[in-house]
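Worksheet: the structure to be examined is printed underneath.
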Amino acid sequence: MSHGNHFTYRPARDELAYTFGGRIPVAHVHSGDVFTVHTEDCFGGRVRGPADLPSQVCAMPYLNPVSGPFFVEDAEPGDTLAVHIASIEPARDWGVSATFPYFGALTSTPHTATLQPPLDERVWMYDIDRAAGIVRYRATASEHTVDLPLDPMIGTIGVAPAAMEARATIVPDYYGGNLDTPELRAGTTLYLGVNVHGALLALGDGHARQGQGEACGVGVEIATVTTLAVEVIKGGLSTAWPRLETNTALMSIGCARPLEDAYRMAHHDLTAWTVELCGLDNLDAYQLISQAGRAPIGNVCDPNYTVLAAIDKALLPQPRAAYEDAHTRLRNLVGSKR
């Protein structure tokens, strides 16, 4: 991991991608490269005020654009791609959220069809004060306002799926995609199994912040300037589902419907990962995670739901460094402190 190039990629509107897989790479990167990517919000920047209803200014399937894909040299199927998020900066001083018909956790949807009428379509605008670290909520039907902590995250990041598939960017699955978890913030390393030559990494859908579960289906959507570092970890370390590592925790991600299956996938993977790293007996690991683990919910509104299983490193018996200590190497490369 010695390449060390640093470049910036800023796509034109017609260069944004709407699938994982099926796209020609926009640039080539190597292990050890640090690069900065400009991303657009989930509406492609088209919702800029309360009158810009998403159903009128956006069109399917042109929602949830990503920047990329980036061809990662030497990445082959069976490898793992480590992606460290060095920083996420809002690109504008505002963000946007919305409700719109037949989308979100508390409405009739095509998956859960009911006779109730759709929710009203409505747009909320948020002021973002980067210096103060504030995201300002304003109610639309009263004078209530509240300042919330700015906690930028990347909602959608992944690699190309296997078997020559192209998957819409709104879908989360084993290759990553629209994971919509606030845990994908600066200082976190994401591990993704490589399915195709070059991995084909892409990202977008930044949020200034998002509650666990993303109940209405829309975070505080922002364009971002995001800096990443990547490393290819050669075969022998199976990564069937996305995994996250921070300075203090290990996390596994499951994506499925119903929600309980996503929960099971995440906890099955974290149990196996804990056994692998720490040498604990399988049931001992299961017991520890049962009593001390956390289960942050990513989303309950996308085509698949996302659940995480998390355990603090301090609770594990002298764990072996995950993925040959890629998190520490990449963190040191970019100077992450979180």
Side-chain angles (χ1 to χ4, degrees), residues 1 20 29-34 68-70 72 74-86 153-162 172-196 198-203 226 228-255 262 265-278 289 296 298 306-313 316 319-334 336 338:
M1 195 189 75
F20 286 96
V29 299
H30 299 76
S31 270
D33 281 355
V34 179
F70 300 94
V72 185
D74 299 325
E76 299 291 348
D79 296 340
T80 294
L81 182 66
V83 184
H84 184 77
I85 303 174
M153 54 169 277
I154 291 296
T156 302
I157 182 169
V159 295
D173 212 322
Y174 66 92
Y175 53 84
N178 195 22
L179 298 170
D180 277 334
T181 171
E183 305 299 333
L184 276 167
R185 57 173 62 90
T188 296
T189 300
L190 168 66
Y191 300 106
L192 296 165
V194 176
N195 306 298
V196 303
L200 300 180
L201 174 71
L203 66 146
T226 296
L228 310 168
V230 296
E231 178 179 344
V232 176
I233 301 158
K234 298 307 289 182
L237 296 167
S238 175
T239 308
W241 284 93
R243 291 170 168 174
L244 303 179
E245 183 176 3
T246 69
N247 292 350
T248 59
L250 301 174
M251 293 173 251
S252 292
I253 297 177
C255 305
M265 289 169 171
H267 286 76
H268 180 275
D269 188 74
L270 184 63
T271 301
W273 197 14
T274 303
V275 168
E276 173 193 325
L277 292 180
C278 303
I289 291 166
T306 300
V307 176
L308 285 72
I311 189 74
D312 289 339
K313 292 177 181 177
L316 301 176
R320 187 160 49 86
Y323 293 99
E324 304 168 2
D325 211 14
H327 173 71
T328 298
R329 277 194 305 281
L330 292 172
R331 182 190 66 197
N332 292 340
L333 180 67
V334 298
S336 288
R338 294 181 68 170

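For the numbers below, each heavy atom of this structure counts, side chains included, while hydrogens, waters and symmetry mates do not.
Between Val159 and Val194, every side-chain heavy-atom pair lies at or beyond the 4.5 Å cut-off. Side-chain contact between Val29 and Leu228 is absent, with no heavy atoms from C-beta onward closer than 4.5 Å. Taking the side chain as every heavy atom from C-beta outward, Ser31 and Val232 approach each other to under 4.5 Å. Contact of the Asn195 side chain with the Tyr174 side chain is registered, since non-hydrogen atoms from C-beta on lie closer than 4.5 Å. Between Val34 and Leu333, the closest side-chain pair of non-hydrogen atoms falls below 4.5 Å. Using a 4.5 Å cut-off on side-chain heavy atoms (C-beta onward), Pro296 and Leu308 make contact.
A donor-acceptor distance shorter than 3.5 angstrom exists from the side chain of Asp33 to the backbone of His30, with no hydrogens or angles considered.
Shortest non-hydrogen contact noted between Ala202 and Pro69 is CB-CA, 4.1 Å. For the pair Met153 and Asp180, the tightest heavy-atom approach, listed with the atom from each and the gap, is CE-C, 3.9 Å. When all heavy atoms of Leu81 and Ala199 are compared, the closest pair comes out as CD2-CB, 4.2 Å.
We find the CZ-CG distance between Arg320 and Leu316 to be 12.5 Å, quoted to the nearest 0.5 Å. A distance of 10.0 Å separates CZ in Arg331 from OG1 in Thr246, rounded to the nearest 0.5 Å. Distance CG/Leu330 to OG1/Thr188: 12.5 Å, rounded to 0.5 Å. Considering CD1 of Ile154 and OG1 of Thr181, their distance stands at 12.5 Å, rounded to 0.5 Å. With rounding to the nearest 0.5 angstrom, the OG atom of Ser252 is 12.5 Å from the CE atom of Met265. Taken from NZ in Lys234 to CG in Asp79, the straight-line distance is 3.5 Å, to the nearest 0.5 Å.
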Query raised in the report: Could you walk me through whether Phe70 and Val230 pass the side-chain contact (heavy atoms from CB on, under 4.5 Å) check?
Result: CA-CA 11 Å; Phe70 300 94; Val230 296; over 6 Å; no

Report task. Could you check Arg329 against Glu324 for side-chain contact (heavy atoms from CB on, under 4.5 Å), going step by step and ending with a plain yes or no? Result -> CA-CA 9 Å; Arg329 277 194 305 281; Glu324 304 168 2; 4.1 Å; yes

Requested in this report: Mind running side-chain contact (heavy atoms from CB on, under 4.5 Å) on Arg185 and Ile85 for me, showing each step along the way?
Outcome: CA-CA 7 Å; Arg185 57 173 62 90; Ile85 303 174; over 6 Å; no

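Evaluated for a side chain to side chain donor-acceptor pair (under 3.5 Å) with Tyr191, the options Glu245, Glu231, His327 yield exactly one hit, Glu245. With respect to Met251, the side-chain contact (heavy atoms from CB on, under 4.5 Å) criterion is satisfied by exactly one of Ile311, Leu270, Leu244: Leu244. Looking at Thr80, Leu190, Asp269, Ile253 one by one, the single match for side-chain contact (heavy atoms from CB on, under 4.5 Å) with Arg243 turns out to be Asp269.
Between Phe20 and Tyr175, the ring planes are tilted. Angles from 30° to 60° get that label.
Scanning for salt bridge (charged side-chain N to carboxylate O under 4.0 Å, His left out) contacts around Asp74 gives an empty result, with sequence neighbours left out.
Using modelled atom types, one finds no donor on one side chain facing an acceptor on the other under 3.5 Å when comparing Tyr323 with Thr189. Side-chain atoms of Asn178 and Thr156 form a donor-acceptor pair, as typed in the model, at a separation below 3.5 Å.
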